[in-house]
Amino acid sequence: MTHERPTPAREPAPRVRTAVVTGAASGIGAAIARRLARAGWQVTGWDLAPPTPDADGVRGRTVDVADHRAVAAAADAVDGLDLLVNAAGIGGSGAAATLAPDRWDRVLAVDLNAVFYTSRALYRALSARRGLIVNIASITAHRAGRDRAAYCTAKAGVVMLTEVLGVEWAADGIRVVGVSPGYTRTPMVERALASGGLDEDRIRARTPQGRLLEADEVAAFVHALTGDTFAAVTATTLPFDGGWTANGDY
């Protein structure tokens with residue numbers, strides 16, 4: 001009599017983790033999308049001019065994240081989601097006394113309202129996977145600056161929204177974490193440096209590490225937040241700024 005050896009059960013293939021990254025066409029959002037895709041994530045970038053699929057495999061979708069109807073329509077195509085990164089943002093310099101209402105409205109729409117719209121629209125998809133939301137805030141959410149009424153206000157709102165959503169949605173298994181980068185070499189910052197709106201020497205002098213950040217550094221930090229090491233971190237915003245926020249010696 002021959003005895004056939006039982007066929008060993010196959011291990012189920014690991015589930016591919018999915019992410020939506022807003023503002024994925026450039027700057028910090030683009031760096032985060034590339035980083036995740038290289039790590040094997042299935043990444044969709046939402047932007048007005050979405051990223052062209054490249055070797056990293058980031059898929060693009062045209063979405064105006066400041067339009068809640070457009071966001072809701074895009075979210076309908078998402079069944080389950082492991083990560084939402086709200087990185088879309090625009091600058092908004094201008095003295096408060098002369099700042100045009102339309103400019104104020106647009107900065108808050110893109111930099112604050114969109115964070116609420118996307119988080120709310122993808123809530124069910126995130127809760128299905130006990131997912132994570134990472135909101136890209138800014139050091140200007142914590143320190144006021146001249147000619148930045150709209151931008152500082154919007155980013156401060158992101159910090160508080162992060163805390164509220166983190167508290168409300170913890171029972172659903174959703175973590176919500178903010179990241180406040182320091183001055184980072186992005187196209188927006190580079191334009192401000194070139195126009196004289198920012199002074200690189202002053203930034204370096206104000207920053208204890210004496211340098212600007214690179215977008216890939218921020219992306220690596222955001223990727224790390226998806227790991228089990230940070231499982232208890234939620235409803236808070238973490239500085240990532242080379243010591244800029246803590247520095248009172250200036």
Task: Under 3.5 Å donor-acceptor, S93 side chain and R148 backbone - done: no

Task: salt bridge (charged side-chain N to carboxylate O under 4.0 Å, His left out) evaluation trace for E200 with R185 - done: CA-CA 11 Å; E200 183 165 349; R185 291 196 183 277; 2.4 Å; yes

Task: Heavy-atom side-chain contact between T236 and E163 under 4.5 Å - done: no

Open item on the list: Starting from L84, can I reach V78 by hopping between I/L/V/M/F/W/Y residues whose side chains sit under 4.5 Å apart?
Closed with: yes

Task: Heavy-atom closest contact (A24 atom, G45 atom, distance) - done: CB-CA, 3.5 Å

Open item on the list: Quick check: do D47 and T62 have side-chain heavy atoms less than 4.5 Å from each other?
Closed with: no

Task: From L83 atom CG to R175 atom CZ, the distance as rounded to the nearest 0.5 Å - done: 9.5 Å

- [ ] Identify the two heavy atoms, one from P181 and one from A137, that lie closest to each other, and give their separation to 0.1 Å.
- [x] CD-O, 3.7 Å

Task: Which atom of S138 lies closest to which atom of S180, heavy atoms considered - done: O-OG, 3.2 Å

Task: From CG (L48) to CD1 (I90), nearest 0.5 Å - done: 9.5 Å

Task: Any donor-acceptor pair under 3.5 Å from R206 side chain to N247 backbone - done: yes

TODO: List the steps and the verdict of side chain to side chain contact (heavy atoms under 4.5 Å, CB included) for L165 and V167.
DONE: CA-CA 5 Å; L165 296 184; V167 169; over 6 Å; no

Open item on the list: Applying a strict under-4.5 Å side-chain criterion to I, L, V, M, F, W and Y, I'd like to know whether V233 and I32 cluster together.
Closed with: yes

TODO: Taking the side chain as every heavy atom from C-beta outward, state whether W41 and V16 have any atom pair closer than 4.5 Å.
DONE: no

Open item on the list: side chain to side chain contact (heavy atoms under 4.5 Å, CB included) for H142 and T237? Distances and angles first, verdict last.
Closed with: CA-CA 10 Å; H142 314 278; T237 296; 4.2 Å; yes

TODO: Going by the side-chain contact (heavy atoms from CB on, under 4.5 Å) test, name the single residue among V85, V71, V20, N113 that passes it with T118.
DONE: V71

Task: Side-chain donor-acceptor pair present, T162, N135, cut-off under 3.5 Å - done: yes

Open item on the list: Within the 4.5 Å heavy-atom criterion, are R129 and T18 side-chain neighbours or not?
Closed with: yes

Open item on the list: What I'd like to find out is whether the side chain of F230 reaches to under 4.5 Å of the side chain of V177, using heavy atoms alone.
Closed with: no

TODO: Report the distance from atom OG of S127 to atom CD1 of I174, rounding to the nearest 0.5 Å.
DONE: 5.0 Å

TODO: Tell me who clusters with V189, hydrophobic residues only, linked when side chains sit under 4.5 Å apart either directly or through other members.
DONE: I139, Y183, L193, L198, I203, L212, W244

Task: Distance, nearest 0.5 Å, that separates OG1 of T140 from OH of Y151 - done: 5.0 Å

Task: pair L126-I133: side-chain heavy atoms closer than 4.5 Å - done: yes

Task: Stepwise side chain to side chain contact (heavy atoms under 4.5 Å, CB included) test for L238 and F221 - done: CA-CA 10 Å; L238 306 173; F221 184 53; 3.9 Å; yes

- [ ] Kindly work out whether a path of hydrophobic side-chain contacts (I/L/V/M/F/W/Y, heavy atoms less than 4.5 Å apart) joins F116 to L112.
- [x] yes

- [ ] Check whether any side-chain N or O of E217 sits under 3.5 Å from a backbone N or O of E214 as a donor-acceptor pair, and report yes or no.
- [x] yes

- [ ] State the CH2-CZ distance between W169 and R120, to the nearest 0.5 angstrom.
- [x] 9.0 Å

Open item on the list: With a 4.5 Å cut-off on side-chain heavy-atom distances among I, L, V, M, F, W and Y, is there a chain of contacts connecting V110 to V158?
Closed with: no

Open item on the list: If I compare all heavy atoms of P208 with all of G242, which pair ends up nearest, and what's the gap?
Closed with: CD-O, 3.4 Å

Open item on the list: Please determine whether residues V107 and I28 belong to a single hydrophobic cluster, defined as Ile, Leu, Val, Met, Phe, Trp and Tyr linked transitively by side-chain heavy-atom distances below 4.5 Å.
Closed with: no

Open item on the list: If you compare all heavy atoms of R17 against all heavy atoms of T226, which two are closest, and at what distance to 0.1 Å?
Closed with: NH1-O, 4.0 Å

TODO: Over all heavy atoms of both residues, which pair between A30 and A25 is shortest? Give the atoms and the distance, please.
DONE: CB-C, 3.9 Å

Open item on the list: Could you check whether any side-chain heavy atom of V65 comes within less than 4.5 Å of a side-chain heavy atom of D67, counting everything from C-beta outward?
Closed with: no

- [ ] Report yes if some heavy atom in the side chain of L36 is under 4.5 Å from a heavy atom in the side chain of H223; otherwise report no.
- [x] yes

Open item on the list: Is it the case that atom CZ in R103 sees more than 12 heavy atoms from other parts of the structure closer than 6.0 Å?
Closed with: yes

- [ ] For S195 and A192, indicate whether the former's side chain and the latter's backbone hold a donor-acceptor pair under 3.5 Å.
- [x] yes

Open item on the list: Any carboxylate oxygen within less than 4.0 angstrom of a Lys/Arg side-chain nitrogen, looking at R15 and D82?
Closed with: yes

Open item on the list: Using the rule given for side chain to side chain donor-acceptor pair (under 3.5 Å), can you reason through Y123 versus D172, listing the C-alpha separation, both sets of side-chain angles and the distance that settles it, and then say yes or no?
Closed with: CA-CA 9 Å; Y123 162 78; D172 303 304; 3.0 Å; yes

Open item on the list: Within this structure, what is the OG-CG distance for the pair S119 and N86, rounded to the nearest 0.5 Å?
Closed with: 4.5 Å

Task: Trace of the side chain to side chain contact (heavy atoms under 4.5 Å, CB included) decision for V58 with T44 - done: CA-CA 6 Å; V58 178; T44 302; over 6 Å; no

Open item on the list: Does R202, at its CZ atom, have more than 12 non-hydrogen atoms belonging to other residues, nucleotides or ligands within less than 6.0 Å?
Closed with: no

Task: T186 and T184 side chains, donor-acceptor separation under 3.5 Å - done: no

Open item on the list: For a quick check under 3.5 Å, do Q42 and R59 share a side-chain donor-acceptor pair by atom type?
Closed with: yes

